[in-house]
**Q** 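Here you go, one structure.
Chain identifiers are assigned alphabetically (A, B, ...) following the order of the sequence lines, protein sequences preceding nucleic acid strands; residue numbering begins at 1 within each chain.
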2 protein chains.
Amino acid sequence: MSKIKPVRNGTRKDTIIRKAAALFRKKGFVATSMREIADNIGVEASSLYNHIGSKSELLQSICFQVANAFNQQLEEVEQMETPTAKKLESLIRFHIRMMLDNFDEVYVANHEWKQLGEPFLSNFLAQRKQYESRLVELVTTGIRKKELKNIHPHVAVLSILSAVRGLEFWQRHKKEPERPELENNLVNYLLHGITR
Amino acid sequence: MSKIKPVRNGTRKDTIIRKAAALFRKKGFVATSMREIADNIGVEASSLYNHIGSKSELLQSICFQVANAFNQQLEEVEQMETPTAKKLESLIRFHIRMMLDNFDEVYVANHEWKQLGEPFLSNFLAQRKQYESRLVELVTTGIRKKELKNIHPHVAVLSILSAVRGLEFWQRHKKEPERPELENNLVNYLLHGITR
DNA sequence: TCACAAAACTAACACTTATTAGTTTTTTTA
DNA sequence: TAAAAAAACTAATAAGTGTTAGTTTTGTGA
């Protein structure tokens with residue numbers, strides 16, 4: 001019937017991925033059918049295959065796009081010439097913004113990576129592991145330099161990552177603390193429990 | 001072929017639910033087929049229906065059994081005559097133990113509740129919301145009594161719940177801090193950032 | 001040992017799934 | 001405006017889904 005509207009500055013493929021991300025987030029990857037995605041765009045399911053290779057490819061795009069964003073930011077922060085606490089704060093704030101600005105995609109990457117097929121699954125998990133290790137390294141360095149409290153680095157890192165992930169629940173209580181205030185509250189709780 | 005072995009002090013239904021929980025955790029609810037569950041037990045898929053009503057019923061059992069456990073513990077803690085921080089610590093420790101001792105079930109309740117059909121979905125979400133509210137109430141009281149730092153209660157509660165949930169990642173680094181040490185580290189991080 | 005109940009089986013059902021082939025319509029390019 | 005490319009369509013396929021009916025096997029209590 002109608003045509004797929006390319007998203008601003010993007011291809012039709014991008015449009016499909018965005019809609020897919022929204023549905024994957026709401027219903028889960030496996031529970032979302034190609035027909036549903038197509039319906040939601042206003043097109044037949046088979047038409048999607050003029051733009052994408054497969055359903056799995058959609059999930060792959062979403063997961064690795066998110067992974068790349070986080071990796072790139074970590075790279076930049078590692079280069080910074082600031083105290084460890086400041087680096088940590090930058091990263092936490094980036095996580096918060098990613099969570100709020102790219103909710104569907106980040107949520108899907110966090111919850112649906114299990115449905116990736118090989119070799120993508122292994123690749124994704126390896127990247128995640130490496131990301132965590134680099135954060136642990138950061139905290140460890142901070143402790144050695146006496147810039148941070150002497151806390152178990154791995155516990156701290158996983159707590160921080162999890163707490164930020166918990167922002168997904170905030171979608172529900174939207175009116176609660178406004179965005180910048182929420183951001184500051186969370187950073188404050190996570191850091192000033194650890195910062196000396 | 002063979003028969004379903006009833007779990008110690010349990011019914012055959014319990015055995016099925018346990019195996020289902022393990023598979024739902026590994027592959028997700030929708031991606032797990034009744035035939036897979038049956039295979040894993042060593043029986044035909046149709047045989048399962050001598051013991052259970054439907055696939056959805058399996059998910060319901062898992063989710064509400066977990067919800068009940070948490071609600072019951074909260075009830076008990078609320079009755080305690082101890083400082084707020086102590087109550088909070090009890091709850092955190094209970095969450096940690098539930099996470100480690102009933103990993104599959106807690107994980108499934110946390111990740112697969114979306115797949116519950118109505119009216120179970122609404123019921124489950126309502127219980128979750130109420131649980132959170134009661135925790136917020138607890139923290140708020142603690143702040144009013146000057147037993148806790150003056151932090152945004154909702155941010156604190158969600159951070160705590162999320163951080164504890166993050167223990168699911170710990171399954172991977174099993175050798176890291178041993179259980180009691182891990183527990184103490186986490187409690188320490190979560191509370192001594194908030195305790196006065 | 002006989003009868004009854006519990007629990008397994010086989011076979012089939014009605015649907016839904018992702019994906020493909022082939023064709024037609026629409027848009028872009030020359 | 002004609003030719004080429006892009007993007008939609010219809011129709012079909014093969015595989016997998018949860019679940020049911022009917023039957024056979026297994027275990028139990030009289």
**Q** B:Ile16 has an atom CD1; how far is it from atom C1' of C:dA7, in whole Å?
**A**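 It works out to 10 Å between those atoms.
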
**Q** Is any side-chain heavy atom of B:Glu132 less than 4.5 Å from a side-chain heavy atom of B:Lys129?
**A**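 Side chain of B:Glu132 against side chain of B:Lys129, heavy atoms only: no contact under 4.5 Å found.
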
**Q** When you measure from the side chain of B:Arg35, which nucleotide among C:dT19, D:dA8, D:dT19 comes out closest?
**A**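 Within the option list, the nearest is D:dT19.
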
**Q** Relative to each other, are the rings of A:Phe70 and A:Tyr131 parallel, tilted or perpendicular (30° and 60° limits)?
**A**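 The rings of A:Phe70 and A:Tyr131 stand perpendicular, inter-plane angle above 60°.
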
**Q** Is any side-chain N of the basic residue among B:Lys87 and B:Glu78 closer than 4.0 Å to the acidic one's carboxylate O?
**A** no

**Q** Can you tell me the distance, in whole Å, between the NZ atom of B:Lys13 and the P atom of C:dA8?
**A**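 Roughly 15 Å, once rounded to whole Å.
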
**Q** How do B:Lys55 and B:Asn50 order along DNA chain D: which one's closest nucleotide is nearer the 5' end?
**A** B:Lys55

**Q** Below 4.0 angstrom from OP1 or OP2 of D:dT17, is there any side-chain N or O of B:Ser33?
**A**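 Checking B:Ser33 against D:dT17: at least one side-chain N or O falls below 4.0 Å of OP1 or OP2.
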
**Q** With a 4.0 Å cut-off on heavy atoms, is B:Thr32 in touch with a base, just the backbone sugar-phosphate, or nothing at all?
**A**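 Answer is sugar-phosphate: B:Thr32 comes under 4.0 Å of backbone atoms only.
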
**Q** What about the rings of A:Phe124 and A:Phe120, do their centers lie closer together than 6.0 Å?
**A**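 They do not qualify: ring centres at least 6.0 Å apart.
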
**Q** Would you mind telling me which of C:dT17, C:dA8, D:dT19 lies closest to the side-chain atoms of B:His51?
**A**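 Closest nucleotide to the B:His51 side chain: C:dA8.
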
**Q** When the distance from CD1 of B:Ile41 to C1' of C:dA7 is rounded to whole Å, what number comes out?
**A** 13 Å

**Q** Among D:dG18, D:dA21, C:dA8, which nucleotide has an atom closest to any side-chain atom of B:Arg12?
**A** C:dA8

**Q** Check the distance between D:dT20's C1' and B:Met34's CE and give it to me in whole angstrom.
**A**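 After rounding, the reported distance stands at 13 Å.
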
**Q** Just how far, in rounded Å, is P of C:dT19 from CG of A:Leu48?
**A**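 Whole-Å distance recorded here is 10 Å.
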
**Q** Just the rounded figure in Å: distance from C1' of C:dA11 to OH of B:Tyr49.
**A** 16 Å

**Q** Less than 4.0 angstrom from a charged side-chain N to a carboxylate O is my criterion; do B:Arg25 and B:Glu105 meet it?
**A** no

**Q** Of the options D:dA12, D:dT19, C:dT10, whose atoms approach the side-chain atoms of B:Glu44 most closely?
**A** C:dT10

**Q** For a quick check, tell me whether the side chain of B:Ser54 and the base of D:dT19 share a donor-acceptor pair closer than 3.5 Å.
**A**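 For B:Ser54, whose side chain was compared with the base of D:dT19, there is no donor-acceptor pair (under 3.5 Å).
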
